[in-house]
Peer 1: 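Structure below; questions to follow.
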Amino acid sequence: MQADDARARFATAPVARLATAGADGVPHLVVICFAFAGDRIVTAIDHKPKRTTRLRRLDNIAANPRVCMLADHYAADDWSALWWVRADGTGRVLEPEAPGASAAVDALVERYPQYREQRPAGPVIEVTVERWSGWRATGPA
């Protein structure tokens with residue numbers, strides 16, 4: 001799958017999965033809401049309940065900025081419509097007052113109506129994608 005097609009498909013997914021690993025190499029996977037902010041993918045720590053504010057994904061990115069995100073489409077009745085896209089890149093954590101954090105949250109608010117009622121107030125994860133890859137059930141991969 002070409003990078004442009006992979007990026008376009010990724011953009012249509014309602015959510016993605018973010019994979020990180022800390023200095024210990026142990027993988028950690030979470031579902032994220034995301035948006036594109038220019039050529040980067042962003043997500044933010046929002047108001048949804050969490051067990052702690054010391055989130056492992058933030059610590060992992062601080063220790064090891066290599067990340068992977070996966071978006072997919074599964075159609076139980078039509079396997080010819082299946083696809084997945086992976087974005088490999090480098091992540092960084094932006095505190096809410098950091099340059100670029102507000103624009104990232106603006107992109108999330110534009111994409112998700114739920115965030116219009118309560119904007120994410122936590123840190124932002126910004127990912128620079130270095131490699132797109134993917135697969136689809138029909139057509140040339």
Side-chain angles (χ1 to χ4, degrees), residues 1-76 78-141:
M1 179 179 297
Q2 298 291 329
D4 289 344
D5 184 31
R7 187 184 192 282
R9 285 178 189 271
F10 194 100
T12 68
V15 296
R17 287 104 190 128
L18 170 68
T20 63
D24 58 4
V26 176
H28 181 68
L29 185 68
V30 294
V31 175
I32 58 167
C33 294
F34 70 91
F36 281 89
D39 61 348
R40 292 181 168 84
I41 298 173
V42 295
T43 186
I45 308 307
D46 60 24
H47 60 280
K48 292 189 297 291
K50 296 166 181 61
R51 285 187 288 180
T52 179
T53 57
R54 236 8 248 166
L55 298 178
R56 185 167 173 194
R57 67 192 95 161
L58 301 175
D59 290 342
N60 283 355
I61 290 170
N64 175 6
R66 304 296 306 156
V67 302
C68 176
M69 291 173 291
L70 181 76
D72 66 306
H73 173 74
Y74 178 77
D78 182 8
W79 281 17
S80 68
L82 305 179
W83 60 263
W84 62 261
V85 173
R86 194 173 88 201
D88 297 309
T90 303
R92 71 179 183 137
V93 176
L94 303 174
E95 293 303 324
E97 64 282 352
S102 182
V105 173
D106 289 345
L108 289 161
V109 167
E110 184 176 324
R111 183 155 196 240
Y112 296 96
Q114 298 87 340
Y115 284 156
R116 292 179 196 139
E117 295 175 21
Q118 189 167 5
R119 287 174 62 91
V124 169
I125 298 171
E126 179 186 75
V127 177
T128 301
V129 178
E130 296 156 3
R131 180 175 179 263
W132 290 99
S133 59
W135 171 87
R136 62 179 176 242
T138 59

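All values below come from the heavy atoms of this structure, side chains included, with hydrogens, waters and symmetry mates left out.
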Peer 1: So how far is it from Leu29 CG to Cys68 SG, rounded to the nearest 0.5 Å?
Peer 2: 9.0 Å

Peer 1: For Val42 and Ala37, work out which heavy atoms get closest and say how close.
Peer 2: CG1-CB, 4.0 Å

Peer 1: How about Asp78: does its CG atom have over 12 heavy atoms from other parts shown lying under 6.0 Å from it?
Peer 2: yes

Peer 1: So, do Phe34 and Arg111 sit near enough that their side-chain heavy atoms are less than 4.5 Å apart?
Peer 2: yes

Peer 1: Asn60 versus Asn64: any side-chain heavy-atom pair under 4.5 Å?
Peer 2: no

Peer 1: Answer whether the closest heavy-atom distance between the side chains of Arg131 and Arg86 falls below 4.5 Å.
Peer 2: yes

Peer 1: Tell me, do Ser102 and Arg119 make a side-chain contact under 4.5 Å, heavy atoms counted?
Peer 2: yes

Peer 1: With a 3.5 Å distance limit and no angle check, can you tell me whether Tyr112 reaches the backbone of Pro14 through a side-chain donor-acceptor pair?
Peer 2: yes

Peer 1: To the nearest 0.5 Å, tell me how far Leu58 CG sits from Glu95 CD.
Peer 2: 8.0 Å

Peer 1: Of the non-hydrogen atoms in Pro120 and Val109, which two are nearest, and what is the gap between them?
Peer 2: CD-CG2, 4.5 Å

Peer 1: Could you tell me if the side chain of Val30 sits less than 4.5 Å from the side chain of Arg56, heavy atoms only?
Peer 2: no

Peer 1: Could you state the interatomic distance from CG (Asp5) to CZ (Arg9), rounded to the nearest 0.5 Å?
Peer 2: 4.5 Å

Peer 1: Would you mind reporting whether Trp79 and Tyr74 have side-chain heavy atoms less than 4.5 Å apart?
Peer 2: yes

Peer 1: Could you measure the distance from the OG1 atom of Thr20 to the CD1 atom of Ile125? Nearest 0.5 Å is fine.
Peer 2: 7.5 Å

Peer 1: Can you tell me how far the CG atom of Leu94 sits from the CZ atom of Arg92, to the nearest 0.5 Å?
Peer 2: 4.5 Å

Peer 1: Between the side chain of Thr128 and the main-chain N/O of Arg40, is any donor-acceptor distance below 3.5 Å?
Peer 2: no

Peer 1: Determine the interplanar angle of the Trp132 and Phe10 rings, folded into 0 to 90°, and report it as parallel if under 30°, tilted if 30 to 60°, perpendicular if over 60°.
Peer 2: perpendicular

Peer 1: Can you name the closest pair of heavy atoms from Ala16 and Ala71 and give their distance?
Peer 2: CB-CB, 4.3 Å

Peer 1: Per the salt bridge (Lys or Arg N to Asp or Glu O under 4.0 Å) rule, what does the pair list look like for residues 21-35, sequence neighbours excluded?
Peer 2: none

Peer 1: Kindly compute the distance separating CG (Leu108) from CG (Asp46), expressed to the nearest 0.5 Å.
Peer 2: 9.0 Å

Peer 1: Does CD belonging to Glu117 count more than 12 external heavy atoms closer than 6.0 Å?
Peer 2: no

Peer 1: Quick one, Arg136 and Val85 - any side-chain contact, counting heavy atoms below 4.5 Å?
Peer 2: no

Peer 1: Shortest non-hydrogen contact from Trp83 to Ala13?
Peer 2: CH2-CB, 4.4 Å

Peer 1: Within the 4.5 Å heavy-atom criterion, are Leu82 and His73 side-chain neighbours or not?
Peer 2: no

Peer 1: Considering all heavy atoms of both residues, which atom of Ile41 and which atom of Met69 are nearest to each other, and what is their separation?
Peer 2: CD1-CE, 3.5 Å

Peer 1: Quick check: closest heavy atoms across Ala75 and Ala81, and the distance to 0.1 Å?
Peer 2: CB-CB, 4.2 Å

